[in-house]
Amino acid sequence: MPELPEVETIRRSLLKNIDKFFISEIIIYHPDVLLNIENFSLKNWKIQNIRRRGKYLLFDLQKYFDVLNPPSENNKAFNSISKETKAINQNSSFSNDPSISQKMTMLIHLRMTGKLLIEEKDVLPAKHTHVRFLFENGKSLDFNDVRRFGRIKLFKSGEEFQDQGLANLGPEPLSDEFTKDYFLQTCQHHRKSQIKSLLLNQKVIAGIGNIYADESLFRAKIRPDRLIGDISQKELINLHQIIPDILEEAIGHRGTSFRDYVDGFGNKGFFQLQLAVYHKTGQPCPICKTPIQKIKVAGRSSHFCPHCQK
DNA sequence: GCCAGCCTGTTG
DNA sequence: CAACAGGCTGGC
């Protein structure tokens, strides 16, 4: 479902409440979506930060109590763990002690229909909620995914690059790594590919999906099925500049909600109001009024203006 | 490269 | 009913 702008919007919406996120319990309704979970207990972890890489979310988790040597059940300190956890978190000098400090990275990929929703703990989770994280403040975070393509993976911090999808991502299109030279050079390597399959290739650029590939190509006036080798350097330089422009605009509109997508608070985005071609088959091109066409490129529906795009 | 497969829901 | 849906993987 979500592409870079939607994942970034979700990240920002969740981050607003980051200080309140002390996990007290995790409820698993559908274990298939959770990988590596058996290696860890998720009780009494705190979400320190949420990062994004391409379409992945990376949750930095920190635990302050030793899971291997839990205090006995009659221990008062254990029974008041919530207070203790907070007290220790306020004192950063504890965080370097390995006996009480452990770090994990939780990798979440939402694929097509995944959502992360902040809910009240007492409210029953919506249909298709597969994992619920309960927090000490009475809130919960639900991982909901109709099609169940999304995945959650847990790693000791630093080991998350064992995930091949994450490890092989290309540069972030909104970072300095995504240079003109890199883009031109990569195009040179893929001269015989169609331009749209390059944009969708996460090893080349991290985070672009079907919507923003179509919209970028429309603005660059390049047909999605055009062979890269047939595109002029001038056009490619233009496209390189347009990609971050479109992604920034989409983030500014809090993502595209034409179907399921909502942020962590269930709010829709607005970029669907700005779309020129995506999902607009038969509707007039915003520039020349020619009906938008739909073809298959790289196995995906691709929308373009047959007059404006060459 | 392409294409089935993973899933459920919606649309034509 | 079949076709299709913001994605990715693995097998040819």
Side-chain angles (χ1 to χ4, degrees), chain A residues 1-11 29-35 52-57 107-116 126-131 143-153 162-170 173 189-218 224-229 243 246-247 249-251 253-263 267-282 294-303:
Chain A
M1 164 169 99
E3 306 180 26
L4 186 155
E6 290 75 34
V7 178
E8 178 61 19
T9 305
I10 292 170
R11 186 187 77 85
Y29 302 99
H30 203 116
D32 287 13
V33 302
L34 265 162
L35 308 175
R52 181 190 58 75
R53 180 77 174 91
K55 301 173 195 172
Y56 289 84
L57 285 171
L107 208 59
I108 299 189
H109 198 303
L110 300 167
R111 295 282 178 97
M112 293 283 259
T113 52
K115 297 176 190 176
L116 287 169
K127 197 179 175 184
H128 304 300
T129 297
H130 308 307
V131 181
F143 174 78
N144 182 293
D145 187 359
V146 175
R147 295 176 74 177
R148 246 183 293 136
F149 291 171
R151 289 291 178 267
I152 302 177
K153 287 191 190 181
Q162 289 169 2
D163 182 278
Q164 289 304 298
L166 181 70
N168 294 322
L169 286 178
H189 284 291
H190 294 82
R191 296 182 63 77
K192 293 179 178 175
S193 309
Q194 293 172 316
I195 184 65
K196 178 156 174 185
S197 63
L198 186 94
L199 299 187
L200 292 176
N201 185 344
Q202 302 301 300
K203 295 173 187 168
V204 172
I205 311 167
I208 299 178
N210 213 24
I211 296 175
Y212 302 107
D214 281 4
E215 292 298 313
S216 301
L217 290 169
F218 171 77
D225 57 352
R226 189 133 156 239
L227 293 185
I228 294 167
I243 288 167
I246 298 244
L247 295 172
E249 286 171 32
I251 292 172
H253 287 79
R254 306 179 53 83
T256 302
S257 297
F258 77 80
R259 212 186 173 89
D260 311 291
Y261 164 73
V262 287
D263 71 10
N267 297 318
K268 293 187 173 191
F270 303 100
F271 199 69
Q272 62 277 14
L273 303 172
Q274 310 296 320
L275 297 176
V277 290
Y278 185 80
H279 222 252
K280 302 249 180 211
T281 314
K294 180 163 88 164
I295 56 172
K296 275 263 194 261
V297 181
R300 311 294 299 277
S301 291
S302 302
H303 315 78

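Values below: all heavy atoms of this structure, side chains included; hydrogens, waters and symmetry mates excluded. Lettering follows sequence order; numbering is per chain, from 1.
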Provide a list of protein-nucleic acid N or O atom pairs under 3.5 angstrom, restricted to nucleotides 9-12 of chain B.
{"from": "dG9(B)", "atom 1": "OP1", "to": "K127(A)", "atom 2": "NZ", "distance (Å)": "3.3"}
{"from": "dG9(B)", "atom 1": "OP1", "to": "H128(A)", "atom 2": "NE2", "distance (Å)": "2.9"}

Show each protein N/O and nucleotides 1-4 of chain B N/O combination with a separation under 3.5 Å, one pair to a line.
{"from": "dG1(B)", "atom 1": "OP1", "to": "S193(A)", "atom 2": "OG", "distance (Å)": "3.3"}

Below 3.5 Å is the cut-off: list the nitrogen or oxygen pairs between protein and nucleotides 8-12 of chain C, distance only.
{"from": "dC8(C)", "atom 1": "OP1", "to": "H109(A)", "atom 2": "NE2", "distance (Å)": "3.0"}
{"from": "dC8(C)", "atom 1": "OP2", "to": "K55(A)", "atom 2": "NZ", "distance (Å)": "3.0"}

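Nucleotides dG10(C) and dT8(B) have their C1' atoms positioned 22 Å apart, rounded to a whole Å. Spacing of P atoms, dT10(B) relative to dC8(C), comes out at 23 Å, to the nearest Å. Comparing the C1' positions of dG1(B) and dG6(C) gives a spacing of 23 Å, expressed to the nearest Å. Spacing of C1' atoms, dA3(C) relative to dA4(B), comes out at 15 Å, to the nearest Å. Between dC6(B) and dC1(C), the distance separating the two C1' atoms is 22 Å to the nearest Å.
For the side chain to side chain contact (heavy atoms under 4.5 Å, CB included) test, residues two or more places apart in sequence or in another chain that qualify with K280(A) are L275(A), Q283(A), I292(A). Residues satisfying the side chain to side chain contact (heavy atoms under 4.5 Å, CB included) test with T9(A), not counting sequence neighbours, are R254(A), Y261(A), D263(A). For the salt bridge (charged side-chain N to carboxylate O under 4.0 Å, His left out) test, residues two or more places apart in sequence or in another chain that qualify with R52(A) are E8(A), E172(A). For A250(A), the side chain to side chain contact (heavy atoms under 4.5 Å, CB included) partners at least two apart in sequence or on another chain are P5(A), Y212(A), F271(A). D260(A) is linked by a salt bridge (charged side-chain N to carboxylate O under 4.0 Å, His left out) to nothing, counting only residues two or more places apart in sequence or in another chain. Residues satisfying the side-chain hydrogen bond (donor to acceptor under 3.5 Å, both in side chains) test with R147(A), not counting sequence neighbours, are none. When the side chain to side chain contact (heavy atoms under 4.5 Å, CB included) test is applied to Q202(A), the partners found at least two apart in sequence or on another chain are K55(A), L169(A).
If you look at H303(A) and Y278(A), their ring centroids are closer than 6.0 Å.
In DNA chain B, runs of at least 3 stacked Watson-Crick or G-U pairs (N1-N3 plus N6-O4 or O6-N4, or N1-O2 plus O6-N3, all under 3.5 Å) give these stems: B:1-6 with C:7-12, B:8-12 with C:1-5.
Across all strands, K296(A) comes closer than 4.0 Å only to sugar-phosphate atoms, never to a base (heavy-atom distances). Residue contacts shown for D260(A) include a base, since a base heavy atom lies under 4.0 Å away. Y212(A) comes within 4.0 angstrom of nothing in the nucleic acid, heavy atoms only.
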Q194(A) and R226(A): side chain to side chain contact (heavy atoms under 4.5 Å, CB included), yes or no, with the steps? CA-CA 5 Å; Q194(A) 293 172 316; R226(A) 189 133 156 239; over 6 Å; no

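Of the options L57(A), D163(A), L35(A), I152(A), a side-chain contact (heavy atoms from CB on, under 4.5 Å) to L107(A) is made by D163(A) and by none of the others.
Between R53(A) and G170(A), the shortest heavy-atom contact is NH2-O, 2.9 Å. In plain terms, the two heavy atoms of P173(A) and I243(A) that are nearest each other are CB-CG2, 4.1 Å.
Here salt bridge (Lys or Arg N to Asp or Glu O under 4.0 Å) pairs that include residues 195-215 of chain A, with residues two or more places apart or in two chains, are K196(A)-D214(A).
In this structure, K115(A) does not pair ionically with D145(A), as no charged nitrogen and carboxylate oxygen lie closer than 4.0 Å.
Applying the 90° criterion around 0 to the glycosidic angle, dG6(C) comes out syn.
Between K268(A) and dG6(C) there is no side-chain N or O to OP1 or OP2 distance below 4.0 Å. Close to dC6(B), at under 4.0 Å from its OP1 or OP2, lies no side-chain N or O of R148(A).
The nearest whole Å value for the distance from the CG atom in D32(A) to the P atom in dT8(B) is 10 Å.
A stacked arrangement is not assigned to Y261(A) and the six-membered base ring of dG6(C), the conditions of a centre distance below 5.5 Å and an interplanar angle below 30° not being jointly met.
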